[in-house]
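Just so you know, these numbers come straight off a predicted model, no measurement behind them. The figures here come from the full heavy-atom set of this structure, side chains too, leaving out hydrogens, waters and symmetry mates.
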Amino acid sequence: MLEDASDTLPPLEWCELAVSLYKKWNADLIVGEVNNGGDLIESLLRSVDKNIPYKKVHATRGKVIRAEPVANLYTQGKCYHLGAFPTLEDQLCTWTPNDEKSPDRLDALVWAFTELMIDSMDVPDLGGINFRGLAEKSYRPNPFGF
């Protein structure tokens, strides 16, 4: 985890932010959950950058089922947070399936790590910085509350 830029913004602004972060972190693609937005996410992203790599995902299973593989990776020490993300980490530690409010940051983290998990669990080379070493200093075992 390199950055938590979660926010509540008008649609065009969050697309501009997503594209900006894509470029900042030299990402491979942007992942968007389309259950409620349909093609809106892709249309807005393409209005900001017509060539942006984008992948649609659909939530067909419950949050706990989707999050379990990622939580297991945390338990195994295979996921790292570079820095502190108190709002995200609080949500990871306190959310329960009985909560009425949807865990937006937890959802975003699970989708992102699931996409990374599909490719590999290698830490990317981002300019020679030893992210694994830095992350291990701030590593927090399984921040998920289940």
Side-chain angles (χ1 to χ4, degrees), residues 1-126 131-132 134-136 138-146:
M1 180 72 181
L2 301 172
E3 183 171 351
D4 175 18
S6 302
D7 205 344
T8 303
L9 300 169
L12 186 57
E13 287 182 35
W14 57 250
C15 284
E16 290 169 342
L17 176 61
V19 170
S20 171
L21 292 167
Y22 164 84
K23 292 175 181 177
K24 174 183 177 180
W25 292 110
N26 195 26
D28 293 331
L29 66 119
I30 293 176
V31 177
E33 183 180 343
V34 298
N35 288 31
N36 297 317
D39 293 327
L40 173 69
I41 296 170
E42 184 172 9
S43 296
L44 287 171
L45 285 170
R46 301 244 183 263
S47 75
V48 175
D49 182 337
K50 67 179 181 176
N51 296 314
I52 198 84
Y54 170 71
K55 180 178 181 178
K56 296 177 187 181
V57 292
H58 300 270
T60 58
R61 301 178 300 160
K63 292 181 193 317
V64 172
I65 292 170
R66 285 195 317 270
E68 281 177 344
V70 176
N72 286 333
L73 292 173
Y74 272 94
T75 301
Q76 296 168 28
K78 295 181 178 178
C79 291
Y80 302 92
H81 292 188
L82 182 60
F85 306 103
T87 306
L88 166 65
E89 292 168 354
D90 285 350
Q91 197 173 82
L92 294 176
C93 293
T94 60
W95 182 80
T96 69
N98 297 326
D99 289 347
E100 290 183 24
K101 186 175 182 204
S102 181
D104 53 350
R105 295 167 194 268
L106 184 153
D107 277 345
L109 178 138
V110 167
W111 284 120
F113 277 41
T114 298
E115 183 61 29
L116 290 170
M117 189 170 52
I118 291 169
D119 258 354
S120 76
M121 281 308 298
D122 294 333
V123 176
D125 177 13
L126 298 173
F131 283 100
R132 185 179 303 275
L134 291 170
E136 286 172 350
S138 65
Y139 176 68
R140 181 175 172 183
N142 192 6
F144 286 86
F146 54 90

Only pairs at least two apart or in different chains count here, so list each side chain to side chain donor-acceptor pair (under 3.5 Å) that has a residue in residues 37-51. Asp39-Lys56, Glu42-Arg46
Might you work through the side chain to side chain contact (heavy atoms under 4.5 Å, CB included) test for Trp111 and Val70, ending with a clear yes or no? CA-CA 9 Å; Trp111 284 120; Val70 176; over 6 Å; no
Which residues pass the side chain to side chain contact (heavy atoms under 4.5 Å, CB included) test with Pro53, sequence neighbours left out? Tyr22, Leu29
Distance from Asn26 atom CG to Leu21 atom CG, nearest 0.5 Å? 13.0 Å
Going from CD1 on Ile30 to CG on Leu45, what distance comes out if it is rounded to the nearest 0.5 angstrom? 5.0 Å
Partners meeting ring pair (Phe, Tyr, Trp, His ring centres under 6.0 Å) with Phe85 (sequence neighbours left out): His81
Give the C-alpha distance, both sets of side-chain angles, the deciding distance and a yes or no for side chain to side chain contact (heavy atoms under 4.5 Å, CB included) between Val57 and Val34. CA-CA 6 Å; Val57 292; Val34 298; over 6 Å; no
Are the side chains of Tyr80 and Met1 in touch, meaning some heavy atoms are under 4.5 Å apart? no
Go through the steps for Val48 and Leu12 under the test side chain to side chain contact (heavy atoms under 4.5 Å, CB included), then give the verdict. CA-CA 8 Å; Val48 175; Leu12 186 57; 3.8 Å; yes
Suppose we screen for salt bridge (Lys or Arg N to Asp or Glu O under 4.0 Å). Which residues come up paired with Glu33, at least two apart in sequence or across chains? none
With sequence neighbours excluded, residues passing side chain to side chain contact (heavy atoms under 4.5 Å, CB included) with Ser102: Lys63, Asp107
From CZ (Arg66) to CG (Leu106), nearest 0.5 Å: 9.0 Å
For a quick test of reading the model, state the closest non-hydrogen atom pair linking Lys101 to Trp95 and the distance between them. O-NE1, 3.7 Å
Within this structure, what is the OH-SG distance for the pair Tyr54 and Cys15, rounded to the nearest 0.5 Å? 9.0 Å
Value for CG (Leu73) from CD (Glu68), rounded to nearest 0.5 Å, stands at 12.0 Å
Excluding sequence neighbours, so at least two apart, what forms side chain to side chain contact (heavy atoms under 4.5 Å, CB included) with Asp104? Gln91
Asn35 vs His58 side-chain heavy atoms within contact, under 4.5 Å: yes
Filter on salt bridge (Lys or Arg N to Asp or Glu O under 4.0 Å), then keep only pairs touching residues 4-17, sequence neighbours left out; what's left? Asp4-Arg105
Any donor-acceptor pair under 3.5 Å linking the side-chain atoms of Thr96 with those of Asp99? yes
Please round to the nearest 0.5 Å and tell me the distance separating atom NZ of Lys24 and atom CG of Leu2. 9.0 Å
